[in-house]
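Below: one structure, written as structure tokens.
Atoms within each ligand, like the ligands themselves, are counted from 1 in listed order.
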Amino acid sequence: MINTQTDVTEHIRGSKIRLTDLSHDEIGDDHMYTGIDTPLRKDAFELSDKEKMDKIAYHFGEIMHTLGLDLTDDSLKGTPQRVAKMYVQEIFSGLNPANKPKIALFDNKYKYQQMLVEKDISFYSNCEHHFVPIIGKAHIAYVGKDKVIGLSKLNRIVQHYAKRPQVQERMTMQIAEELKQVLQTEHVAVVIEAKHLCVSSRGVNDDTSATVTSYYGGKFLNEQTKQEFLHYLG
Ligand SMILES: [Zn+2]
């Protein structure tokens, strides 16, 4: 059982906010959230990256062909291979556990035991329901004890979980769980604010809304600590 509290945050700048609550398993009209683990098959990594790219290129070519596009056109003929490479090596590379960032911890030599906040970590992800971008910022905080983490590693953890077909709630939880495990502490907070292009560029065509999700664990469940964190986010 995950000890989680959800919250409604209102610090997003000047835009309408779609508020979500992690205790609900539904977001918006058609966005279902089924669990914290990305639903992967057991045989997910039996094919090599090269084999996956060949397969995806073939099928993406079929999609383009079905749409009526002329794949002999100079501008289009390389697209299936480009998309396949981008999927496997870049935007969905975070599916593969082999690509998980290696995290080294350092001794907390300064005995710093206050809150550390790393804010405005930009990320690009993709909605798993529409395969179009989710563009956002993650804000992370933890209260360290004996060990501290290199700051760039916080960024790398966010990027790793962003590079999957995602649901924002799941991404929030995955980052929080990873931080708790790596930092060996419950005192972790994660706030993510993001624009979903499946909402802004299609469907309801709402260009101004953003989605905010949050996770608070350990000391961050304390209202004062939480407010201090939110205060830093401005
Ligand atoms: Zn979507």
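- Counting non-hydrogen atoms of neighbouring residues, nucleotides and ligands closer than 6.0 angstrom, the CZ atom of Phe131 exceeds 12 such neighbours.
- Electrostatic pairing of Asp73 and Lys77 does not count as a salt bridge here, judged by no charged N lying under 4.0 Å from a carboxylate O.
- Distances from the Zn ion (ligand 1) to the N/O/S atoms of His130 are shortest for ND1.
- No side-chain donor-acceptor contact under 3.5 Å links Arg156 to the backbone of Pro101.
- Distances from the Zn ion (ligand 1) show that His196 has no N/O/S atom below 2.8 Å.
- Remark: Lys226 qualifies as a cation-pi partner of Tyr216 under the 6.0 Å distance and 45° angle criteria applied to the six-membered ring.
- Between the Zn ion (ligand 1) and Cys127 there is an N/O/S contact shorter than 2.8 Å.
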